[in-house]
Amino acid sequence: MTIKTRFAPSPTGNLHVGNIRTALHNWMFAQKEGGTFLLRLDDTDAERSKEEYVDAIRADLAWLGLASDEEQRQSARFDRYAEHLAKLKADGRVYPAYETAQELDLKRKIQLGRGKPPIYDRAALDLTAEQVAAYEAEGRKPHWRFKLDHDTPITWTDLIRGDQNFDPALLSDPVILREDGSWLYMLPSAIDDIEMGITHVVRGEDHVANTAVQIQMFQALGAKPPEFAHEALLVGTEGKLSKRLGSLGVSSFREKNIEPQAIVALLARIGTSDPVEPIADVAQLIATFDFARFGRAPARFDDEELAQLNQKIVHLLDYEDVKDRLPETMDAEAWAVIRPNLHDMGDVDQWWRVVTGPVSQPEFSPEDHEFLAVAHDKLEELEASSDLWKDLTGALKEATGRKGKGLFMPLRQALTGLDHGPDMNALLPLIGREVALERLLKANS
RNA sequence: GGCCCCUUCGUCUAAGGGUUAGGACGCGGCCCUUUCACGGCUGAAAUACGGGUUCGAAUCCCGUAGGGGUCACCA
């Protein structure tokens, strides 16, 4: 059987780390099994869904390299939902209710106040024809609820959480259609999963109770429920599900010069028994993907960990990978010299300036001035094709008797303006003999 | 409050009755490097607490504490 997964965001905002992780796992699982990955835009909420978010979601997934094999939109499928609703009405699996949001809210508060779970009391089921007529006369229109079968316990074997059991009597009959005719997420999602042939639903554990309800919907719709995998949520470093985490999106990572490979590598493994490793090749990540390796406790997402992983990923990137983002004059050789000193790609310009200039040199002592003057003369004697740094330091050692730090530090400072950086042996040829001579001269002016 | 899930080094986790409680990241030290970084080696570091069961418990049972989720006319 070929598998099919789906990522179903609602375009009411930007994707955040949690969403991205879910999308990634759905994509990875499909990749691993040779199945298909569906991007389904759950835009039943016309009020809050925005086209700009649809575009942003597509762009974010593309940036991360998560290509979808198929795309669907719920807003294009309202007719299908209506057909199924008609059937459910005929089967007596849905019922109209007339409470207002305020009335329901009040009921819940009373239940909670009495220490009882705030479950819908099914009052609408006991409405007499007169009461309904009275509501209609008032101009009230019903919303519709799905009627859970209290006599059938809900069970499934979750790919991550194992055997699950729910007592349907402890769940509220979900509202599926508002009085204005707009759909809520529950039923359309189940219908789509059936009609689009979804075999595996991978989502956060905040959906576990929804799954219980939807399993009965699958059954009421005459379909076999797909497999479910509910992954533990991500929490912030404080151990709480933070607001900050909820708003941390792809754009914020991009601003901080985080590579998509770093995000993918971290999110693919965080909370699993596989170690988080700097793996830039997603195929390797896919190879080890296994629901059995997912932990059930919430995992911590740490920006610092991401930043460190990102650094290692950057050190793995080939020239071809980053070419487009480098200064035009920077070639593969230069990349190789500078790469090990990068914290992230944002550092490239800083190091490239060391080569292209201008550099701002520190104040030198009179002794160093003298030393640098000798350095200038010695460098002038060298051929451009020679082993610049070795020959220069060798000649200087002989001429001045300096060695160690006293030898190379003034040179480094004069030539780069900094007291640290890439290996001078590799860096000096990039700077070039002529420019180096100019800088040594300038250090003495 | 009801229901569901969870608790092992700082972090992510391995070990489903007998292990010097293992690994990875981070941290410390050493080496390499005529700088910093990279890299290599090495070290410190954990079974939430309290009761049981058992010859023996991180592992099984009960309780306590803590964490997460959910109980929407959001998804």
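A note on names: the letters A, B, ... follow the listed sequences, proteins ahead of strands, and every chain is numbered from 1.
Residue contacts shown for A:Thr12 are absent, as no nucleic acid heavy atom lies under 4.0 Å away. Among the atoms of the strands shown, none is found under 4.0 Å from any heavy atom of A:Val208. Among the heavy atoms of the strands lying under 4.0 Å from A:Pro117 is at least one base atom, whether or not backbone atoms are also near. A:Asp105 comes within contact range of no nucleotide atom at all, as no heavy-atom separation falls under 4.0 Å. Base engagement by A:Asn210 is indicated by at least one non-hydrogen atom pair under 4.0 Å involving a base atom. Among the heavy atoms of the strands lying under 4.0 Å from A:Gly404 is at least one base atom, whether or not backbone atoms are also near. Residue contacts shown for A:Glu179 include a base, since a base heavy atom lies under 4.0 Å away.
For A:Ala299, the side-chain atoms get nearest to B:U13 when compared with the rest of B:U35, B:C71, B:U13. Closest to the A:His420 side chain, of the nucleotides B:G68, B:G2, B:C36, is B:C36. Of the listed nucleotides (B:G69, B:U35, B:A75), B:A75 has the atom at the smallest distance from the side chain of A:Leu184. Looking at the side chain of A:Pro118, the nearest of the listed nucleotides B:C71, B:A75, B:U13 is B:C71. You'll find that the side chain of A:Phe408 is closest to B:U34, out of B:C4, B:U34, B:G68.
Not one side-chain nitrogen or oxygen of A:Lys109 sits closer than 4.0 Å to the OP1 or OP2 atom of B:C71. Contact between the side-chain N/O atoms of A:Arg114 and the OP1/OP2 oxygens of B:G1 is not found at any separation under 4.0 Å. Phosphate contact (OP1/OP2 of B:A75, side-chain N/O of A:Thr44, threshold under 4.0 Å): present. Considering only side-chain N and O atoms, A:Arg108 lies under 4.0 angstrom from the phosphate OP1 or OP2 of B:A72. Of the side-chain N and O atoms in A:Arg296, one or more sit less than 4.0 angstrom from OP1 or OP2 of B:C6. Put simply, A:Arg300 has a side-chain N or O that comes within less than 4.0 Å of OP1 or OP2 on B:C12.
Across the C1' atoms, B:C27 and B:C12 are found 16 Å apart, a figure rounded to whole Å. Spacing between B:U53 and B:G16 at atom P, rounded to whole Å, works out to 24 Å. Nucleotides B:G10 and B:G28 are separated by 14 Å at their C1' atoms, to the nearest Å. Comparing the same atom, C1', in B:G26 and in B:A44 gives a spacing of 13 Å after rounding to whole Å. Separation of the P atoms belonging to B:G22 and B:C30 is 25 Å when rounded to the nearest angstrom. For the C1' atom pair drawn from B:U11 and B:G52, the interatomic distance equals 33 Å after rounding to whole Å. Nucleotides B:U19 and B:A46 are separated by 15 Å at their C1' atoms, to the nearest Å. As rounded to the nearest Å, B:G66 and B:A72 have C1' atoms that lie 28 Å from one another.
One interatomic measurement links the two molecules: CG of A:Asp43 to P of B:A75, which rounds to 11 Å at whole-angstrom precision. Taking atom CG on A:Asp42 and atom C1' on B:A75, their separation rounds to 7 Å, with Å as the unit. Atom CZ of A:Phe294 and atom C1' of B:A14 are 17 Å apart (whole Å). If you measure from atom CE of A:Met424 to atom P of B:C36, you get 15 Å, rounded to the nearest angstrom. Residue A:Asp290 contributes atom CG, which lies 17 Å from atom C1' of B:C12 at whole-angstrom precision. As rounded to whole Å, 21 Å separates atom P of B:G16 from atom CG of A:Asp163. To the nearest angstrom, P of B:C73 lies 14 Å from CG of A:Asp45. When the P atom of B:G68 is taken as reference, atom CD of A:Glu231 falls 18 Å away, rounded to whole Å.
For the pair A:Lys312 and A:Glu277, the salt-bridge criterion is not met [side-chain N within less than 4.0 Å of a carboxylate O]. The pair A:Arg77-A:Glu195 counts as a salt bridge, with a side-chain nitrogen and a carboxylate oxygen less than 4.0 angstrom apart.
A distance of 11.5 Å separates OG in A:Ser68 from CD1 in A:Ile57, rounded to the nearest 0.5 Å.
In this structure, A:Arg203 forms no cation-pi arrangement with A:Phe228, as its terminal cationic atom is not both closer than 6.0 Å to the ring centre and no more than 45° off the ring axis. A cation-pi arrangement, defined by a distance under 6.0 Å to the six-membered ring centre and an angle within 45 degrees of its axis, is absent between A:Arg40 and A:Phe7.
In this entry B:A44 has no Watson-Crick or G-U wobble partner, no candidate having both defining distances under 3.5 Å. The base-pairing partner of B:C60, taking Watson-Crick or G-U wobble contacts with both distances under 3.5 Å, is B:G52. Of the nucleotides present, B:C31 is the one that pairs with B:G39 by Watson-Crick or G-U wobble criteria, both distances under 3.5 Å. Under the Watson-Crick or G-U wobble criterion, with both distances below 3.5 Å, B:U19 has no partner in any strand shown. Base pairing analysis places B:C3 opposite B:G69; the two distances defining the Watson-Crick or G-U wobble pair are each below 3.5 Å. Remark: B:A24 base-pairs with B:U11; criterion is Watson-Crick or G-U wobble with both hydrogen-bond distances under 3.5 Å.
Annotation: A:Glu363, atom CD; neighbour count of heavy atoms from other residues, nucleotides and ligands within 6.0 Å does not exceed 12. Other residues, nucleotides and ligands contribute at most 12 non-hydrogen atoms within 6.0 Å of the NZ atom of A:Lys147. Heavy atoms from other residues, nucleotides or ligands lying under 6.0 Å from NZ of A:Lys256 number more than 12.
When each of A:Glu103, A:Glu179, A:Glu99 is paired with A:Arg140, the salt bridge (Lys or Arg N to Asp or Glu O under 4.0 Å) condition holds for A:Glu103 and for no other.
Comparing A:Pro422 and A:Leu177 against RNA chain B, the residue whose closest nucleotide sits nearer the 5' end is A:Pro422. Taking the nucleotide of RNA chain B with the nearest heavy atom to each of A:Tyr120 and A:Thr393, the more 5' of the two is matched to A:Thr393.
Against the 90° criterion about 0, the sugar-base torsion of B:G56 places it in the anti range. Under the 90° criterion around 0 for the glycosidic angle, B:C61 counts as anti.
Residue A:Asp206 places no side-chain atom within donor-acceptor reach of the base of B:A75, judged by atom type and a 3.5 Å distance cut-off alone.
In this structure, A:His207 counts as stacked on the base of B:A75 under the 5.5 Å centre distance and 30° plane angle limits.
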